[in-house]
Protein chains: 2
Amino acid sequence: MEIISENRIFGGRQLRFKHASAVNNCEMTCAIYLPPQVENGKVPVLYWLSGLTCTDENFVTKAGAQRYAAEHGVAIVAPDTSPRGEGVPDDPEAAWDFGLGAGFYVNATQAPWNQHYQMYDYIVTELPKLVNANFPVDGSRQSIFGHSMGGHGALTIALKNPDKYHSVSAFAPIVSPLNCPWGEKALSNYIGANRELWKQYDTCALIPGADKKFTLLVDQGSADNFLKEQLKPELLQAACKENNHPLQLRIREGYDHSYYFIASFMGEHIAFHAQHLSA
Amino acid sequence: MEIISENRIFGGRQLRFKHASAVNNCEMTCAIYLPPQVENGKVPVLYWLSGLTCTDENFVTKAGAQRYAAEHGVAIVAPDTSPRGEGVPDDPEAAWDFGLGAGFYVNATQAPWNQHYQMYDYIVTELPKLVNANFPVDGSRQSIFGHSMGGHGALTIALKNPDKYHSVSAFAPIVSPLNCPWGEKALSNYIGANRELWKQYDTCALIPGADKKFTLLVDQGSADNFLKEQLKPELLQAACKENNHPLQLRIREGYDHSYYFIASFMGEHIAFHAQHLSA
(Lines give C-alpha, C1' and ligand atoms only; values in the text may rest on other atoms or scores of the structure.)
Protein backbone atom coordinates (compact mmCIF):
# COMPACT_ATOMS: atom_id res chain seq x y z
CA MET A 1 0.00 0.00 0.00
CA GLU A 2 1.32 3.41 -0.93
CA ILE A 3 0.00 6.81 0.16
CA ILE A 4 -0.13 9.03 -2.93
CA SER A 5 -1.49 12.25 -1.43
CA GLU A 6 -2.36 13.79 1.89
CA ASN A 7 -4.26 17.02 2.61
CA ARG A 8 -5.33 18.52 5.88
CA ILE A 9 -9.07 19.24 6.02
CA PHE A 10 -11.37 20.03 8.94
CA GLY A 11 -8.65 19.12 11.39
CA GLY A 12 -8.22 15.63 9.94
CA ARG A 13 -6.43 14.11 6.97
CA GLN A 14 -7.72 13.30 3.50
CA LEU A 15 -5.53 10.52 2.13
CA ARG A 16 -5.35 8.80 -1.22
CA PHE A 17 -3.61 5.45 -1.55
CA LYS A 18 -3.01 2.77 -4.13
CA HIS A 19 -2.53 -0.93 -3.66
CA ALA A 20 -2.41 -4.20 -5.57
CA SER A 21 -5.84 -5.83 -5.55
CA ALA A 22 -5.75 -9.64 -5.66
CA VAL A 23 -9.47 -9.99 -6.34
CA ASN A 24 -9.60 -7.36 -9.09
CA ASN A 25 -6.24 -8.42 -10.46
CA CYS A 26 -5.03 -4.84 -10.92
CA GLU A 27 -3.86 -1.81 -9.01
CA MET A 28 -6.66 0.08 -7.24
CA THR A 29 -6.77 3.67 -5.97
CA CYS A 30 -8.83 4.56 -2.92
CA ALA A 31 -9.44 7.55 -0.64
CA ILE A 32 -9.85 7.65 3.13
CA TYR A 33 -10.67 10.54 5.43
CA LEU A 34 -9.30 10.25 8.95
CA PRO A 35 -10.99 12.63 11.38
CA PRO A 36 -9.08 14.44 14.14
CA GLN A 37 -10.35 11.90 16.70
CA VAL A 38 -7.87 9.27 15.44
CA GLU A 39 -5.35 10.97 17.70
CA ASN A 40 -7.21 9.41 20.62
CA GLY A 41 -7.58 5.91 19.17
CA LYS A 42 -9.43 3.92 16.54
CA VAL A 43 -12.59 5.39 15.04
CA PRO A 44 -15.62 3.78 13.36
CA VAL A 45 -15.51 3.61 9.58
CA LEU A 46 -18.07 4.43 6.92
CA TYR A 47 -17.76 3.08 3.36
CA TRP A 48 -19.01 5.30 0.53
CA LEU A 49 -19.78 3.69 -2.83
CA SER A 50 -19.91 6.13 -5.75
CA GLY A 51 -22.08 6.08 -8.84
CA LEU A 52 -21.46 5.50 -12.55
CA THR A 53 -18.43 7.30 -14.08
CA CYS A 54 -16.95 8.25 -10.69
CA THR A 55 -13.47 7.53 -9.39
CA ASP A 56 -12.46 7.77 -5.73
CA GLU A 57 -12.17 11.55 -6.18
CA ASN A 58 -15.70 12.82 -6.89
CA PHE A 59 -17.00 12.16 -3.40
CA VAL A 60 -13.88 13.54 -1.76
CA THR A 61 -13.98 16.89 -3.56
CA LYS A 62 -17.72 17.45 -3.97
CA ALA A 63 -19.76 15.86 -1.16
CA GLY A 64 -18.61 18.12 1.67
CA ALA A 65 -18.54 15.04 3.92
CA GLN A 66 -15.33 15.75 5.82
CA ARG A 67 -16.93 18.42 7.97
CA TYR A 68 -19.50 15.98 9.31
CA ALA A 69 -17.00 13.12 9.59
CA ALA A 70 -14.82 15.38 11.73
CA GLU A 71 -17.82 16.43 13.80
CA HIS A 72 -18.84 12.83 14.52
CA GLY A 73 -15.40 11.24 14.58
CA VAL A 74 -15.86 8.69 11.80
CA ALA A 75 -13.46 7.74 9.01
CA ILE A 76 -14.83 7.56 5.46
CA VAL A 77 -13.43 5.21 2.82
CA ALA A 78 -14.24 6.09 -0.80
CA PRO A 79 -13.10 3.40 -3.26
CA ASP A 80 -13.05 3.55 -7.04
CA THR A 81 -16.08 2.23 -8.94
CA SER A 82 -14.33 -0.44 -11.02
CA PRO A 83 -10.99 -2.07 -11.69
CA ARG A 84 -8.81 0.01 -14.03
CA GLY A 85 -5.53 -0.06 -15.87
CA GLU A 86 -3.88 -1.81 -18.75
CA GLY A 87 -5.56 -5.10 -19.55
CA VAL A 88 -8.83 -4.30 -17.77
CA PRO A 89 -11.57 -4.60 -20.41
CA ASP A 90 -14.03 -1.77 -21.01
CA ASP A 91 -17.37 -1.50 -22.77
CA PRO A 92 -16.65 -2.09 -26.50
CA GLU A 93 -18.14 1.32 -27.25
CA ALA A 94 -16.60 2.91 -24.14
CA ALA A 95 -20.10 3.79 -22.91
CA TRP A 96 -20.21 5.42 -19.46
CA ASP A 97 -22.78 3.00 -18.03
CA PHE A 98 -20.77 -0.20 -18.29
CA GLY A 99 -17.17 -1.37 -17.87
CA LEU A 100 -14.67 1.16 -16.52
CA GLY A 101 -16.32 3.32 -13.86
CA ALA A 102 -19.27 0.95 -13.70
CA GLY A 103 -18.34 -2.19 -11.80
CA PHE A 104 -21.80 -2.39 -10.23
CA TYR A 105 -20.38 -3.92 -7.03
CA VAL A 106 -20.85 -7.49 -8.30
CA ASN A 107 -18.52 -10.44 -8.91
CA ALA A 108 -18.49 -10.98 -12.66
CA THR A 109 -18.74 -14.59 -13.78
CA GLN A 110 -18.63 -14.05 -17.55
CA ALA A 111 -15.53 -13.63 -19.72
CA PRO A 112 -13.77 -11.32 -20.21
CA TRP A 113 -15.17 -9.41 -17.19
CA ASN A 114 -14.52 -12.16 -14.64
CA GLN A 115 -10.76 -11.64 -14.86
CA HIS A 116 -11.00 -8.26 -13.13
CA TYR A 117 -14.49 -7.17 -12.21
CA GLN A 118 -14.85 -8.56 -8.68
CA MET A 119 -16.02 -5.39 -6.97
CA TYR A 120 -18.32 -7.21 -4.55
CA ASP A 121 -15.48 -9.17 -2.98
CA TYR A 122 -13.29 -6.09 -3.13
CA ILE A 123 -15.71 -3.96 -1.10
CA VAL A 124 -16.91 -6.67 1.30
CA THR A 125 -13.64 -8.44 2.04
CA GLU A 126 -10.38 -7.27 0.50
CA LEU A 127 -10.61 -3.52 1.04
CA PRO A 128 -11.78 -3.60 4.70
CA LYS A 129 -8.98 -6.02 5.52
CA LEU A 130 -6.45 -3.63 3.99
CA VAL A 131 -8.00 -0.56 5.63
CA ASN A 132 -8.20 -2.17 9.06
CA ALA A 133 -4.57 -3.25 8.86
CA ASN A 134 -3.21 0.12 7.74
CA PHE A 135 -5.33 2.84 9.31
CA PRO A 136 -6.54 3.63 12.85
CA VAL A 137 -10.10 2.41 12.28
CA ASP A 138 -12.20 -0.08 14.21
CA GLY A 139 -13.37 -2.66 11.67
CA SER A 140 -15.98 -3.99 14.08
CA ARG A 141 -17.83 -0.70 13.74
CA GLN A 142 -18.50 -0.15 10.05
CA SER A 143 -21.44 1.14 8.03
CA ILE A 144 -22.00 1.67 4.33
CA PHE A 145 -23.71 4.17 2.03
CA GLY A 146 -23.61 5.29 -1.57
CA HIS A 147 -25.13 7.07 -4.55
CA SER A 148 -27.02 5.69 -7.57
CA MET A 149 -25.06 2.58 -8.66
CA GLY A 150 -23.26 2.96 -5.32
CA GLY A 151 -26.59 3.17 -3.50
CA HIS A 152 -27.43 -0.16 -5.10
CA GLY A 153 -24.03 -1.45 -3.98
CA ALA A 154 -24.49 -0.25 -0.40
CA LEU A 155 -28.02 -1.65 -0.04
CA THR A 156 -27.27 -5.07 -1.54
CA ILE A 157 -23.98 -5.47 0.34
CA ALA A 158 -25.57 -4.54 3.68
CA LEU A 159 -28.60 -6.79 3.14
CA LYS A 160 -26.34 -9.72 2.28
CA ASN A 161 -23.96 -9.06 5.18
CA PRO A 162 -25.99 -7.86 8.14
CA ASP A 163 -23.26 -8.90 10.58
CA LYS A 164 -20.62 -6.73 8.93
CA TYR A 165 -22.40 -3.36 9.05
CA HIS A 166 -24.20 -1.30 11.67
CA SER A 167 -26.32 0.71 9.24
CA VAL A 168 -26.91 1.47 5.55
CA SER A 169 -28.22 4.42 3.58
CA ALA A 170 -28.42 5.56 -0.03
CA PHE A 171 -28.87 8.61 -2.22
CA ALA A 172 -30.95 7.99 -5.35
CA PRO A 173 -30.11 4.27 -5.49
CA ILE A 174 -30.76 1.86 -8.31
CA VAL A 175 -33.15 -0.36 -6.32
CA SER A 176 -33.71 -3.09 -8.88
CA PRO A 177 -31.15 -3.86 -11.62
CA LEU A 178 -33.60 -6.52 -12.82
CA ASN A 179 -35.99 -3.72 -13.73
CA CYS A 180 -33.96 -0.95 -15.36
CA PRO A 181 -31.77 -0.49 -18.46
CA TRP A 182 -28.54 0.20 -16.49
CA GLY A 183 -29.02 -3.02 -14.53
CA GLU A 184 -29.97 -5.08 -17.57
CA LYS A 185 -26.86 -4.03 -19.45
CA ALA A 186 -24.48 -4.54 -16.54
CA LEU A 187 -25.79 -7.82 -15.17
CA SER A 188 -26.37 -9.50 -18.52
CA ASN A 189 -22.71 -8.87 -19.28
CA TYR A 190 -21.16 -9.46 -15.86
CA ILE A 191 -23.42 -12.32 -14.69
CA GLY A 192 -24.91 -13.69 -17.93
CA ALA A 193 -28.35 -14.34 -19.33
CA ASN A 194 -29.80 -16.30 -16.38
CA ARG A 195 -31.80 -13.63 -14.57
CA GLU A 196 -32.27 -15.86 -11.54
CA LEU A 197 -28.60 -15.24 -10.77
CA TRP A 198 -29.13 -11.48 -10.84
CA LYS A 199 -31.38 -11.60 -7.80
CA GLN A 200 -28.43 -11.83 -5.41
CA TYR A 201 -27.56 -8.29 -6.58
CA ASP A 202 -31.05 -6.78 -6.58
CA THR A 203 -32.19 -4.90 -3.47
CA CYS A 204 -35.87 -5.50 -4.12
CA ALA A 205 -35.27 -9.19 -4.69
CA LEU A 206 -33.19 -9.45 -1.50
CA ILE A 207 -35.75 -7.77 0.77
CA PRO A 208 -38.02 -10.86 1.25
CA GLY A 209 -35.16 -12.94 2.68
CA ALA A 210 -33.38 -10.12 4.50
CA ASP A 211 -32.73 -9.72 8.20
CA LYS A 212 -34.89 -6.82 9.42
CA LYS A 213 -32.00 -5.30 11.33
CA PHE A 214 -31.50 -2.40 8.93
CA THR A 215 -33.80 0.54 8.51
CA LEU A 216 -33.03 1.52 4.92
CA LEU A 217 -32.50 5.29 4.87
CA VAL A 218 -33.00 6.52 1.29
CA ASP A 219 -33.08 10.08 -0.08
CA GLN A 220 -34.35 10.64 -3.62
CA GLY A 221 -34.66 13.93 -5.49
CA SER A 222 -37.96 14.57 -7.26
CA ALA A 223 -36.21 16.33 -10.17
CA ASP A 224 -33.78 13.48 -10.80
CA ASN A 225 -33.50 12.82 -14.55
CA PHE A 226 -33.11 9.09 -13.93
CA LEU A 227 -36.04 8.73 -11.54
CA LYS A 228 -38.60 7.07 -13.75
CA GLU A 229 -36.53 4.96 -16.11
CA GLN A 230 -33.69 3.77 -13.87
CA LEU A 231 -34.21 4.39 -10.17
CA LYS A 232 -37.88 3.60 -9.48
CA PRO A 233 -38.04 4.07 -5.69
CA GLU A 234 -41.65 2.88 -5.80
CA LEU A 235 -40.34 -0.67 -6.35
CA LEU A 236 -38.35 -0.45 -3.12
CA GLN A 237 -41.31 1.01 -1.32
CA ALA A 238 -43.53 -1.86 -2.49
CA ALA A 239 -40.97 -4.56 -1.60
CA CYS A 240 -40.47 -3.12 1.88
CA LYS A 241 -44.18 -2.75 2.47
CA GLU A 242 -44.94 -6.26 1.33
CA ASN A 243 -42.22 -7.75 3.50
CA ASN A 244 -42.63 -5.42 6.44
CA HIS A 245 -39.02 -4.26 6.05
CA PRO A 246 -38.19 -0.94 7.74
CA LEU A 247 -37.66 1.85 5.18
CA GLN A 248 -37.26 5.59 5.55
CA LEU A 249 -37.70 6.97 2.03
CA ARG A 250 -37.64 10.73 1.64
CA ILE A 251 -38.53 12.40 -1.64
CA ARG A 252 -36.64 15.69 -1.79
CA GLU A 253 -38.59 18.25 -3.76
CA GLY A 254 -36.70 19.84 -6.67
CA TYR A 255 -33.38 18.04 -6.12
CA ASP A 256 -31.63 16.30 -9.03
CA HIS A 257 -29.10 13.44 -9.34
CA SER A 258 -25.96 15.55 -8.76
CA TYR A 259 -23.51 16.04 -5.94
CA TYR A 260 -25.42 19.25 -5.14
CA PHE A 261 -28.22 16.96 -3.96
CA ILE A 262 -25.82 14.64 -2.15
CA ALA A 263 -24.04 17.52 -0.37
CA SER A 264 -27.37 18.91 0.82
CA PHE A 265 -28.23 15.79 2.83
CA MET A 266 -24.77 14.39 3.57
CA GLY A 267 -24.90 15.78 7.11
CA GLU A 268 -28.09 13.88 7.90
CA HIS A 269 -26.72 10.62 6.54
CA ILE A 270 -23.46 10.84 8.45
CA ALA A 271 -25.34 11.72 11.65
CA PHE A 272 -27.58 8.67 11.07
CA HIS A 273 -24.60 6.35 10.68
CA ALA A 274 -22.69 7.90 13.57
CA GLN A 275 -25.64 7.24 15.83
CA HIS A 276 -25.74 3.56 14.81
CA LEU A 277 -21.97 3.21 15.02
CA SER A 278 -21.86 4.51 18.57
CA ALA A 279 -24.91 2.57 19.78
CA MET B 1 -27.97 37.25 -19.82
CA GLU B 2 -28.76 33.58 -20.15
CA ILE B 3 -29.11 30.97 -17.38
CA ILE B 4 -27.18 27.89 -18.48
CA SER B 5 -27.75 25.59 -15.50
CA GLU B 6 -29.69 25.42 -12.28
CA ASN B 7 -29.35 22.93 -9.41
CA ARG B 8 -31.11 22.81 -6.08
CA ILE B 9 -28.69 22.72 -3.13
CA PHE B 10 -29.26 23.32 0.59
CA GLY B 11 -32.74 24.61 -0.10
CA GLY B 12 -31.51 27.29 -2.51
CA ARG B 13 -30.46 27.44 -6.13
CA GLN B 14 -27.01 27.20 -7.68
CA LEU B 15 -27.17 29.00 -11.03
CA ARG B 16 -24.69 29.43 -13.83
CA PHE B 17 -25.20 32.18 -16.40
CA LYS B 18 -23.42 33.70 -19.37
CA HIS B 19 -23.55 37.23 -20.66
CA ALA B 20 -21.81 39.59 -23.06
CA SER B 21 -19.19 41.62 -21.21
CA ALA B 22 -18.61 45.10 -22.63
CA VAL B 23 -15.48 45.75 -20.58
CA ASN B 24 -13.84 42.38 -21.32
CA ASN B 25 -15.09 42.41 -24.90
CA CYS B 26 -16.13 38.75 -24.81
CA GLU B 27 -18.74 36.41 -23.38
CA MET B 28 -18.28 35.68 -19.67
CA THR B 29 -19.62 32.79 -17.59
CA CYS B 30 -20.45 33.31 -13.92
CA ALA B 31 -22.06 31.38 -11.05
CA ILE B 32 -24.43 32.63 -8.36
CA TYR B 33 -25.88 30.84 -5.36
CA LEU B 34 -29.26 32.11 -4.21
CA PRO B 35 -30.12 30.98 -0.67
CA PRO B 36 -33.66 29.95 0.34
CA GLN B 37 -34.18 33.38 1.97
CA VAL B 38 -34.66 35.03 -1.46
CA GLU B 39 -38.26 33.85 -1.22
CA ASN B 40 -38.76 36.57 1.39
CA GLY B 41 -36.99 39.39 -0.45
CA LYS B 42 -33.56 40.61 -1.50
CA VAL B 43 -30.52 39.18 0.26
CA PRO B 44 -26.98 40.54 0.79
CA VAL B 45 -24.38 39.41 -1.74
CA LEU B 46 -20.86 38.11 -1.34
CA TYR B 47 -18.37 38.11 -4.25
CA TRP B 48 -15.86 35.26 -4.39
CA LEU B 49 -12.73 35.73 -6.52
CA SER B 50 -10.94 32.50 -7.43
CA GLY B 51 -7.26 31.80 -7.87
CA LEU B 52 -5.01 30.99 -10.82
CA THR B 53 -6.34 28.37 -13.28
CA CYS B 54 -9.87 28.41 -11.87
CA THR B 55 -13.10 29.01 -13.73
CA ASP B 56 -16.41 29.87 -12.07
CA GLU B 57 -16.84 26.18 -11.26
CA ASN B 58 -14.08 25.28 -8.79
CA PHE B 59 -15.52 27.27 -5.93
CA VAL B 60 -19.05 26.09 -6.61
CA THR B 61 -18.22 22.38 -6.54
CA LYS B 62 -15.39 22.26 -3.99
CA ALA B 63 -15.69 24.99 -1.34
CA GLY B 64 -18.81 23.70 0.42
CA ALA B 65 -19.98 27.30 0.73
CA GLN B 66 -23.66 26.81 -0.08
CA ARG B 67 -24.43 25.30 3.29
CA TYR B 68 -23.21 28.42 5.11
CA ALA B 69 -24.74 30.80 2.57
CA ALA B 70 -28.09 29.11 3.15
CA GLU B 71 -27.60 29.29 6.91
CA HIS B 72 -26.85 33.02 6.84
CA GLY B 73 -29.07 34.01 3.94
CA VAL B 74 -26.43 35.49 1.64
CA ALA B 75 -26.02 35.09 -2.11
CA ILE B 76 -22.56 34.25 -3.45
CA VAL B 77 -21.36 35.32 -6.88
CA ALA B 78 -18.38 33.39 -8.30
CA PRO B 79 -17.07 34.88 -11.55
CA ASP B 80 -14.48 33.45 -13.90
CA THR B 81 -10.82 34.46 -13.43
CA SER B 82 -10.21 35.97 -16.86
CA PRO B 83 -11.83 36.78 -20.18
CA ARG B 84 -12.03 33.73 -22.45
CA GLY B 85 -13.03 32.69 -25.93
CA GLU B 86 -11.93 33.09 -29.50
CA GLY B 87 -9.71 36.13 -29.95
CA VAL B 88 -8.77 36.45 -26.27
CA PRO B 89 -4.96 36.24 -26.12
CA ASP B 90 -3.24 33.76 -23.81
CA ASP B 91 0.29 33.40 -22.48
CA PRO B 92 2.46 32.56 -25.53
CA GLU B 93 3.55 29.35 -23.78
CA ALA B 94 0.06 28.72 -22.37
CA ALA B 95 1.51 28.85 -18.85
CA TRP B 96 -1.05 28.52 -16.06
CA ASP B 97 0.09 31.62 -14.18
CA PHE B 98 -0.66 34.22 -16.84
CA GLY B 99 -3.29 34.93 -19.48
CA LEU B 100 -6.36 32.67 -19.54
CA GLY B 101 -7.38 31.81 -15.98
CA ALA B 102 -5.06 34.49 -14.63
CA GLY B 103 -6.59 37.94 -15.16
CA PHE B 104 -5.24 39.17 -11.81
CA TYR B 105 -8.25 41.48 -11.33
CA VAL B 106 -6.52 44.42 -13.00
CA ASN B 107 -7.29 46.62 -16.01
CA ALA B 108 -4.60 45.83 -18.58
CA THR B 109 -3.12 48.84 -20.34
CA GLN B 110 -0.65 47.02 -22.58
CA ALA B 111 -1.36 45.44 -25.98
CA PRO B 112 -2.58 42.86 -26.73
CA TRP B 113 -3.99 42.34 -23.21
CA ASN B 114 -5.81 45.65 -23.00
CA GLN B 115 -8.38 44.56 -25.60
CA HIS B 116 -9.93 42.03 -23.18
CA TYR B 117 -8.26 41.85 -19.78
CA GLN B 118 -10.29 44.39 -17.81
CA MET B 119 -11.13 42.22 -14.83
CA TYR B 120 -10.96 45.07 -12.31
CA ASP B 121 -13.76 47.00 -13.99
CA TYR B 122 -15.63 43.77 -14.56
CA ILE B 123 -15.67 42.83 -10.86
CA VAL B 124 -16.11 46.35 -9.45
CA THR B 125 -18.66 47.77 -11.88
CA GLU B 126 -20.04 45.67 -14.71
CA LEU B 127 -20.79 42.42 -12.94
CA PRO B 128 -22.52 43.89 -9.85
CA LYS B 129 -24.71 46.02 -12.13
CA LEU B 130 -25.76 42.91 -14.04
CA VAL B 131 -26.25 40.83 -10.88
CA ASN B 132 -28.28 43.53 -9.13
CA ALA B 133 -30.53 43.94 -12.16
CA ASN B 134 -31.18 40.24 -12.68
CA PHE B 135 -31.21 38.55 -9.26
CA PRO B 136 -32.96 39.19 -5.94
CA VAL B 137 -29.89 40.67 -4.22
CA ASP B 138 -29.40 43.95 -2.37
CA GLY B 139 -26.43 45.63 -4.05
CA SER B 140 -26.09 48.08 -1.17
CA ARG B 141 -25.03 45.16 1.03
CA GLN B 142 -22.07 43.49 -0.62
CA SER B 143 -18.79 42.03 0.60
CA ILE B 144 -15.89 40.36 -1.16
CA PHE B 145 -13.45 37.51 -0.55
CA GLY B 146 -11.16 35.23 -2.50
CA HIS B 147 -8.28 32.79 -2.70
CA SER B 148 -4.65 33.32 -3.73
CA MET B 149 -4.80 35.55 -6.85
CA GLY B 150 -8.44 36.07 -5.89
CA GLY B 151 -7.43 36.97 -2.34
CA HIS B 152 -5.24 39.65 -3.90
CA GLY B 153 -8.20 40.73 -6.00
CA ALA B 154 -10.55 40.91 -3.02
CA LEU B 155 -8.13 42.83 -0.80
CA THR B 156 -7.11 45.40 -3.42
CA ILE B 157 -10.65 45.93 -4.68
CA ALA B 158 -12.02 46.43 -1.17
CA LEU B 159 -9.19 48.77 -0.14
CA LYS B 160 -9.74 50.87 -3.28
CA ASN B 161 -13.54 50.90 -2.90
CA PRO B 162 -14.37 51.11 0.80
CA ASP B 163 -17.84 52.50 0.08
CA LYS B 164 -18.84 49.54 -2.09
CA TYR B 165 -18.17 46.70 0.39
CA HIS B 166 -19.04 45.94 3.99
CA SER B 167 -16.15 43.56 4.63
CA VAL B 168 -13.28 41.69 2.98
CA SER B 169 -11.42 38.45 3.66
CA ALA B 170 -8.91 36.21 1.93
CA PHE B 171 -7.52 32.70 1.91
CA ALA B 172 -3.78 32.49 1.21
CA PRO B 173 -3.72 35.79 -0.74
CA ILE B 174 -0.94 37.17 -2.89
CA VAL B 175 -0.34 40.24 -0.72
CA SER B 176 2.24 42.00 -2.88
CA PRO B 177 2.47 41.40 -6.64
CA LEU B 178 5.42 43.82 -6.58
CA ASN B 179 7.31 41.25 -4.55
CA CYS B 180 6.63 37.83 -6.04
CA PRO B 181 7.20 36.05 -9.37
CA TRP B 182 3.48 35.59 -10.15
CA GLY B 183 2.91 39.31 -9.69
CA GLU B 184 5.99 40.33 -11.62
CA LYS B 185 4.97 38.27 -14.62
CA ALA B 186 1.34 39.39 -14.63
CA LEU B 187 1.79 43.08 -13.97
CA SER B 188 4.78 43.60 -16.24
CA ASN B 189 2.65 42.22 -19.06
CA TYR B 190 -0.73 43.71 -18.21
CA ILE B 191 0.46 47.10 -16.88
CA GLY B 192 3.95 47.49 -18.33
CA ALA B 193 7.43 48.12 -17.00
CA ASN B 194 6.68 51.14 -14.80
CA ARG B 195 6.42 49.56 -11.36
CA GLU B 196 4.96 52.75 -9.88
CA LEU B 197 1.77 51.89 -11.76
CA TRP B 198 1.64 48.44 -10.15
CA LYS B 199 1.11 49.93 -6.70
CA GLN B 200 -2.59 50.51 -7.35
CA TYR B 201 -2.90 46.72 -7.51
CA ASP B 202 -0.69 45.81 -4.54
CA THR B 203 -2.35 45.28 -1.15
CA CYS B 204 0.78 46.14 0.83
CA ALA B 205 1.30 49.32 -1.21
CA LEU B 206 -2.35 50.33 -0.75
CA ILE B 207 -2.40 49.91 3.03
CA PRO B 208 -0.71 53.26 3.88
CA GLY B 209 -3.39 55.27 2.07
CA ALA B 210 -6.32 53.03 2.92
CA ASP B 211 -9.41 53.80 4.93
CA LYS B 212 -9.19 51.85 8.19
CA LYS B 213 -12.77 50.66 7.88
CA PHE B 214 -11.86 47.08 7.02
CA THR B 215 -10.39 44.54 9.35
CA LEU B 216 -8.57 42.31 6.89
CA LEU B 217 -9.44 38.71 7.76
CA VAL B 218 -6.78 36.42 6.28
CA ASP B 219 -6.29 32.66 6.70
CA GLN B 220 -3.00 31.13 5.56
CA GLY B 221 -1.96 27.47 5.72
CA SER B 222 1.49 26.76 7.14
CA ALA B 223 2.04 23.87 4.69
CA ASP B 224 1.20 25.96 1.61
CA ASN B 225 3.73 25.26 -1.16
CA PHE B 226 3.57 28.87 -2.32
CA LEU B 227 3.99 30.44 1.11
CA LYS B 228 7.59 31.60 0.94
CA GLU B 229 8.09 32.47 -2.71
CA GLN B 230 4.71 33.93 -3.70
CA LEU B 231 2.40 34.68 -0.78
CA LYS B 232 4.59 36.17 1.95
CA PRO B 233 2.00 37.03 4.60
CA GLU B 234 4.77 38.64 6.66
CA LEU B 235 4.75 41.56 4.18
CA LEU B 236 1.07 42.17 4.89
CA GLN B 237 1.66 41.85 8.59
CA ALA B 238 4.46 44.44 8.44
CA ALA B 239 2.44 46.88 6.29
CA CYS B 240 -0.56 46.65 8.61
CA LYS B 241 1.55 47.04 11.71
CA GLU B 242 3.41 50.04 10.33
CA ASN B 243 0.20 51.75 9.29
CA ASN B 244 -1.92 50.64 12.20
CA HIS B 245 -4.32 48.90 9.82
CA PRO B 246 -6.57 46.27 11.44
CA LEU B 247 -5.56 42.76 10.41
CA GLN B 248 -6.65 39.34 11.62
CA LEU B 249 -4.08 36.93 10.20
CA ARG B 250 -4.40 33.30 11.18
CA ILE B 251 -1.73 30.77 10.33
CA ARG B 252 -3.43 27.38 10.02
CA GLU B 253 -1.07 24.62 11.02
CA GLY B 254 -0.58 21.89 8.41
CA TYR B 255 -3.00 23.26 5.82
CA ASP B 256 -1.96 23.63 2.18
CA HIS B 257 -3.08 25.80 -0.76
CA SER B 258 -5.98 23.59 -1.88
CA TYR B 259 -9.75 23.75 -1.65
CA TYR B 260 -9.43 21.31 1.28
CA PHE B 261 -7.97 24.25 3.20
CA ILE B 262 -10.58 26.67 1.86
CA ALA B 263 -13.48 24.34 2.73
CA SER B 264 -12.20 23.93 6.28
CA PHE B 265 -12.54 27.65 7.08
CA MET B 266 -15.28 28.69 4.65
CA GLY B 267 -17.86 28.63 7.43
CA GLU B 268 -15.91 31.12 9.52
CA HIS B 269 -15.44 33.51 6.59
CA ILE B 270 -19.09 33.47 5.59
CA ALA B 271 -20.14 34.01 9.22
CA PHE B 272 -17.72 36.98 9.39
CA HIS B 273 -19.19 38.56 6.25
CA ALA B 274 -22.77 37.82 7.26
CA GLN B 275 -22.20 39.64 10.52
CA HIS B 276 -20.87 42.72 8.70
CA LEU B 277 -23.60 42.58 6.07
CA SER B 278 -26.37 42.55 8.67
CA ALA B 279 -24.79 45.22 10.89
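These numbers were taken from a predicted model, which means no experiment stands behind them.
Residues from residues 250-276 of chain B that place a non-hydrogen atom less than 4.5 Å from a non-hydrogen atom of chain A comprise B:Glu253, B:Gly254, B:Tyr255, B:Asp256, B:Ser258, B:Tyr260, B:Phe261, B:Ala263, B:Ser264, given in numerical order. Near-neighbour residues of residues 7-18 of chain B relative to chain A, defined by a heavy atom under 4.5 Å from a heavy atom of that chain, comprise B:Asn7, B:Arg8, B:Ile9, B:Phe10, B:Gly11, B:Gln14.
Other residues, nucleotides and ligands contribute only 12 or fewer heavy atoms inside 6.0 Å of the CD atom of A:Glu39.
Between chain B and the options A:Arg67, A:Gln66, A:Lys62, heavy-atom pairs under 4.5 Å are most frequent for A:Arg67.
Here A:Thr29 pairs with nothing under the side chain to side chain donor-acceptor pair (under 3.5 Å) rule; sequence neighbours left out. Considering only residues two or more places apart in sequence or on other chains, A:Arg84 meets the side chain to side chain donor-acceptor pair (under 3.5 Å) condition with A:Asp80.
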